[in-house]
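Just so we're clear, the structure is a prediction, and the values are computed from it rather than from any experiment. Chain A is the first sequence line, chain B the second, and so forth, proteins listed ahead of strands; every chain is numbered from 1.
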Amino acid sequence: MNYWLFKTEPSECSIDDFAHNPTQAIVWEGVRNYQARNYLRDDVAIGDQVLIYHSSCKLIGVAGIAEVVRAAYADPSQFDSRSVYYDAKSIAAQPRWVAVDLRFVSKLPAVITLDKIKSSAKMAELPLVQKGSRLSVMPVTAQQWRDLLALQ
DNA sequence: GCCAACGTTGGC
DNA sequence: GCCAACGTTGGC
């Protein structure tokens, strides 16, 4: 079982969307970066635990936890010409992008802010806080997972 | 809204 | 395969 951090803009999909549909599988689509795609495709597995991170918003940071309930499959949005995630260059026989499904686990009582994460020496190796890192899907070690949630 | 940093594209 | 131009990310 692996640990991950997934970024999302809460205006698109927030921890509250999970919390309001706690038994429903949420399609995690729209990842359009190859390194993030490779993690999704090759390493994200059913049962993995995911930190849901809110970016580009008022309160930036880790807002909750979700669990992977379906491993990688062709991201349907890449073939939908009305979607903002549409990719005209992706062909059905060889889909370029993948999605996974997540399900709600918990909402943290308070967001663990990026500020707090940055100020923790134990988080120095987390890709999130490394200069210039823009990965939207990143691995988290078991130790980092524990240490990060202990920042609450 | 700004802009630094990074990724992608496409001409050569 | 290089690299300039352009697009995107995401904190501030």
Side-chain angles (χ1 to χ4, degrees), chain A residues 2-20 26-44 48-68 70-102 104-141 143-152:
Chain A
N2 288 313
Y3 297 102
W4 304 94
L5 183 148
F6 288 8
K7 288 182 189 170
T8 178
E9 298 189 14
S11 57
E12 294 297 314
C13 176
S14 80
I15 193 65
D16 288 324
D17 296 321
F18 282 90
H20 295 150
I26 306 281
V27 179
W28 200 265
E29 63 183 9
V31 171
R32 295 293 180 270
N33 166 281
Y34 287 105
Q35 195 179 350
R37 188 278 312 267
N38 292 347
Y39 281 131
L40 278 187
R41 187 189 59 192
D42 303 334
D43 300 313
V44 173
D48 285 2
Q49 302 293 112
V50 180
L51 297 167
I52 300 298
Y53 174 89
H54 288 172
S55 70
S56 299
C57 59
K58 196 86 178 282
L59 191 52
I60 297 166
V62 172
I65 298 170
E67 178 175 350
V68 178
R70 184 180 176 189
Y73 59 98
D75 180 344
S77 67
Q78 70 196 306
F79 303 122
D80 178 1
S81 60
R82 291 160 307 172
S83 169
V84 291
Y85 301 126
Y86 178 62
D87 182 350
K89 292 179 185 163
S90 186
I91 54 172
Q94 267 188 314
R96 184 180 290 192
W97 307 112
V98 298
V100 299
D101 288 357
L102 301 181
F104 180 70
V105 171
S106 65
K107 178 179 175 176
L108 299 185
V111 171
I112 303 173
T113 62
L114 177 59
D115 259 3
K116 207 171 204 175
I117 296 169
K118 277 181 174 169
S119 66
S120 166
K122 290 175 175 174
M123 294 298 117
E125 301 301 315
L126 199 65
L128 180 74
V129 298
Q130 274 157 30
K131 187 177 167 65
S133 171
R134 301 189 316 197
L135 258 190
S136 62
V137 171
M138 71 188 73
V140 175
T141 66
Q143 188 65 52
Q144 286 167 337
W145 178 276
R146 284 193 296 273
D147 290 339
L148 194 143
L149 290 175
L151 295 176
Q152 288 184 85

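Residues D48(A) and V100(A) fail the side-chain proximity criterion, which asks for heavy atoms closer than 4.5 Å. At a threshold of 4.5 Å between non-hydrogen side-chain atoms, the residues W28(A) and V68(A) do not count as touching. V31(A) has its side chain out of reach of Y85(A): every pair of non-hydrogen atoms, C-beta onward, lies at least 4.5 Å apart.
Rounded to a whole Å, the CG atom of L59(A) is 15 Å from the C1' atom of dC12(C).
Remark: L102(A) CG to Q49(A) CD distance equals 10.5 Å, nearest 0.5 Å. Annotation: the span from I52(A) atom CD1 to F104(A) atom CZ amounts to 10.0 Å, rounded to 0.5 Å. Between D101(A) atom CG and E67(A) atom CD the span is 12.0 Å, to the nearest 0.5 Å. Taking NZ from K7(A) and OG from S55(A), the interatomic distance works out to 6.5 Å, rounded to the nearest 0.5 Å.
When atom types are taken as modelled, the side chain of S90(A) and the backbone of R96(A) share a donor-acceptor pair closer than 3.5 angstrom.
For D17(A), there are no salt bridge (charged side-chain N to carboxylate O under 4.0 Å, His left out) partners at least two apart in sequence or on another chain.
Against DNA chain C, the stretch residues 76-97 of chain A makes no heavy-atom approach under 4.0 Å. Of all the residues in residues 109-128 of chain A, L114(A), K118(A) reach under 4.0 Å from DNA chain C with at least one non-hydrogen atom.
Classification of D87(A) and R32(A) as a salt-bridged pair fails, no side-chain N sitting under 4.0 Å from a carboxylate O.
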Distances for protein N/O vs nucleotides 5-9 of chain C N/O pairs under 3.5 angstrom?
from	atom 1	to	atom 2	distance (Å)
dT8(C)	O2	R134(A)	NH1	2.8

Protein N or O to nucleotides 2-4 of chain C N or O, pairs below 3.5 Å:
none

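Residue N33(A) comes nearest to W97(A) through the heavy atom pair N-CZ3, 3.7 Å, listed as atom of the first residue, atom of the second, then distance.
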Would you be so kind as to tabulate the donor-acceptor pairs closer than 3.5 Å made by side chains of residues 110-118 of chain A, with sequence neighbours excluded?
from	atom 1	to	atom 2	distance (Å)
T113(A)	OG1	K116(A)	N	3.1
K116(A)	NZ	L151(A)	O	3.1

